[in-house]
Number of protein chains: 4
Amino acid sequence: MAKIAPRTRLTREDSQKLTRARLLEAARELFIDRGYGGTSLRDIAAAAGYSQGAFYSNFPSKEALLLELLKEHMSFKMTQLRGLLDTAANAAELMTAIDDWASGINDLADWSILAVELRLHANRSAEFAEAYAPMEAAHRADLAKLLALLFERCGKQHPDNCDVLAEGLIALTDGMALNREGGRAPPVGPAIVSLLRTLISAAPSTN
Amino acid sequence: MAKIAPRTRLTREDSQKLTRARLLEAARELFIDRGYGGTSLRDIAAAAGYSQGAFYSNFPSKEALLLELLKEHMSFKMTQLRGLLDTAANAAELMTAIDDWASGINDLADWSILAVELRLHANRSAEFAEAYAPMEAAHRADLAKLLALLFERCGKQHPDNCDVLAEGLIALTDGMALNREGGRAPPVGPAIVSLLRTLISAAPSTN
Amino acid sequence: MAKIAPRTRLTREDSQKLTRARLLEAARELFIDRGYGGTSLRDIAAAAGYSQGAFYSNFPSKEALLLELLKEHMSFKMTQLRGLLDTAANAAELMTAIDDWASGINDLADWSILAVELRLHANRSAEFAEAYAPMEAAHRADLAKLLALLFERCGKQHPDNCDVLAEGLIALTDGMALNREGGRAPPVGPAIVSLLRTLISAAPSTN
Amino acid sequence: MAKIAPRTRLTREDSQKLTRARLLEAARELFIDRGYGGTSLRDIAAAAGYSQGAFYSNFPSKEALLLELLKEHMSFKMTQLRGLLDTAANAAELMTAIDDWASGINDLADWSILAVELRLHANRSAEFAEAYAPMEAAHRADLAKLLALLFERCGKQHPDNCDVLAEGLIALTDGMALNREGGRAPPVGPAIVSLLRTLISAAPSTN
DNA sequence: TATGAATGAGTATTCATTCAT
DNA sequence: AATGAATGAATACTCATTCAT
């Protein structure tokens, strides 16, 4: 507000980044809580502490914000997976890493409910789908790779088509996230780990 | 009042039932296509070939219509399950019946995408949740019973908590239904049958 | 309901009269409670225990019902006034009669609130005003006559224009009736009697 | 922010004030003409030359607008009364001031018909009544004070309860305002003055 | 960059009235 | 005479977006 600010804490650019970040975070929370359609720009702007105009200085439209959120979301998931792939040297280590991942993700259900919103919107907006599809595909491929590696490290033959398995796991995650009867976050992580264990144990050994 | 109405195709009662049915069907299609929030009463009434007022002669509110759809949906699923439970005498027969069910259900994905809408709405509207929760619970219990029977008939010990397994299968179904990239209906049935086969084969035998 | 009713309690005509009467009474109560615009035909019909259709078998429109109510209302007031004029032979008797009238009319405020609704509607609907104006004028003239008589019997000169005084008393009645803060019926009757007493005492005696 | 805006006729703030004022004025006229219930937001916005949305940028609801009008109305009346109380030093002066007030107020009837709408709405909406009641009470108290002063200045004993008299005068004003047969504004002012004169003359002198 | 008043199209819902039964 | 499903126009209010400031 002061006009003289010789050593401004925030450069103009940083300040804008902050605005963007706050808007994105506010939007994410509201979308999870009320859905994309149920959330108004007014609400988002107000929750972030800005005016509606500030929104349009940072995003060209409501859908553009959702797209940005999609990118964040996918990049978050990717980072998680890549982390698992890179750090785990052997079967035991990998399984432990997966266990840790599974128990540490209370957020997973929230993320997944957002994922459902994203998917629903992709099903309905062709334009959005165009951006959504490749990211989704890339993520699925990454997950498939991880699964193949996991079976392998456990000395088991991985299923012919890990891609389908990956798709199933994602579906399961999303589907479970929907199940938040009154209370909060269903145990998505443990369920997935338990399923994986069973599948691995049922798979034929690498001869 | 007379039961013979020689020159009238539809009695008044029948005519109203027809209106209701058309509105319900139109709404179902639109909800699947555009979501609950994305579908307007205008659209529903127009798609059914009536005025908006006609809607309110048949349903007290938009949410009441969704609730009606929910009842239909649940009753449809129940009927399917009960049918499987009743007609299948032994493991082979049951498995065949399930196979048939799995391949014959192109509709399943459509129903499921509606199910997702219902669940999302239940998560957000406490009033709706009140009606939704018990139906959902009943359906899950039924599915759990079927699963226990299935393992048993196959000479295997069923998992301690078939309820959780049932929940997982429903989640998988719903999650997969979301995955309709541009095209149509993902192969939900086969995926479920395949998963079940694996789980049964991995289970320890009885005695 | 029985098809054979040799000595039917109600002839068809009587039955219709009953329907009319019930609709009128229900409407009157609702108009007082919620106003003309705030009351729907559905509500009226339901309150009377009939369908909306029954309404239109008895009245051509909502406004026609209001007009009927107006007639009832005016005729009620007229009867009251005529009664006072006819039964009271001398000043004391007349004053007592007026006192009785004033204390016995808890309903007056309700009637008056309806009167306000009628007037408001007359101000806004030319068609309605056409029926309203002459009745109102007749009633005012009657009241003026009563007032003149009252002053006379008390041995006082009545004001030059009793018509204006009558108008004022009606206005006062209506205005007071509006004043029903939370609770119920304001003391309209006593206020009017008290005002009348003052006016009479202030008037010059008949020489 | 600068106070000099050479090439802009209206600052933003002023422009909004203008919008508000136009909406208020349009609403006032329409409410008087058609009543609160009979006036739609569409009509108000159109009459003021704005969109319906503009209405909601300035008022949170239709009722809030009515409340604003109520405040204006009450403050208008208060100012009038306070003016009379302050400027008039003796009986003659006060009476003259009241005469002037009475003859100069063609608007009074319009205001009063709005007052009737306000009262009716207060009778029916508890929430509105909460805001209405205290203003009304304050106004009545002010009027009562004026009346007491008036009697006093005229060397007369004022009635025990000037509050009731004030209530009656307000009722008379409101009631008369309703009486606008086809034409316009009834002579509310003169009627009140004439009544006051009579009451004062009938009152006993101060010892 | 950020503001927020204003827009115009849209929302669910209500209502007086009609009409086939 | 009475029913109540259906109509079509209206209602208060919301929303993503625009634009002058």
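Sequence lines set the chain letters: A, B, ... in the order given, protein chains first and strands last, and positions in each chain run from 1.
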Name all residues meeting the side chain to side chain contact (heavy atoms under 4.5 Å, CB included) criterion together with C/Ala64; count only those two or more places apart in sequence or in a different chain, and write none if there are none. C/Pro60, C/Ser61
For D/Glu130, the salt bridge (charged side-chain N to carboxylate O under 4.0 Å, His left out) test, sequence neighbours excluded, returns none
Can you measure D/Arg34 atom CZ to F/dA10 atom C1' for me and round it to whole angstrom units? 13 Å
Residue list, ring pair (Phe, Tyr, Trp, His ring centres under 6.0 Å) with A/Phe59, at least two apart or on another chain: A/Phe55
Can you check the C/Ile44 CD1 to E/dT17 P distance for me, whole Å? 10 Å
What is the distance from NZ of D/Lys17 to C1' of E/dA6, rounded to the nearest Å? 19 Å
Quick one: does any side-chain atom of B/Asn123 pair with a main-chain N or O of A/Leu178 as donor and acceptor, under 3.5 Å? yes
In chain order, what residues pass the salt bridge (charged side-chain N to carboxylate O under 4.0 Å, His left out) check against D/Arg20, with sequence neighbours excluded? D/Glu68
Who pairs with C/Ala54 by side chain to side chain contact (heavy atoms under 4.5 Å, CB included), at least two apart in sequence or on another chain? C/Tyr50, C/Ser51
Output the residues of residues 64-73 of chain C in contact with DNA chain F, where contact means a heavy atom of the residue under 4.0 Å from an atom of the strand; sort by number or write none. none
Ring pair (Phe, Tyr, Trp, His ring centres under 6.0 Å) partners of B/Phe31, counting only residues at least two apart: B/Tyr36
With respect to the phosphate group of E/dG4, does any side-chain polar atom (N or O) of D/Asn58 fall under 4.0 Å of OP1 or OP2? no
N/O (side chain, C/Thr19) to phosphate O (OP1/OP2, F/dA2) under 4.0 Å: yes
Does B/Ser125 have any side chain to side chain contact (heavy atoms under 4.5 Å, CB included) partners at least two apart in sequence or in another chain, and if so, which? B/Glu63, B/His121, B/Glu127, B/Phe128
Sorted by chain and residue number, the salt bridge (charged side-chain N to carboxylate O under 4.0 Å, His left out) partners of C/Arg124 (sequence neighbours excluded) come out as D/Glu117
Base-pair map of DNA chain F as dot-bracket, where | denotes pairing with a different strand and pairs are Watson-Crick or G-U under 3.5 Å: .||||||||||||||||||||
Which letter, B, S or -, goes with each nucleotide of nucleotides 7-13 of chain E from 5' to 3', with contact meaning a protein heavy atom under 4.0 Å? BB--BSB
Across all chains, not counting sequence neighbours, the side chain to side chain contact (heavy atoms under 4.5 Å, CB included) partners of B/Met74 are B/Leu70, B/Tyr132, B/Met135, B/Glu136, B/His139
D/Phe59 has an atom CZ; how far is it from atom P of E/dA5, in whole Å? 12 Å
Side chain C/Thr39, main chain C/Leu30, donor-acceptor under 3.5 Å: yes
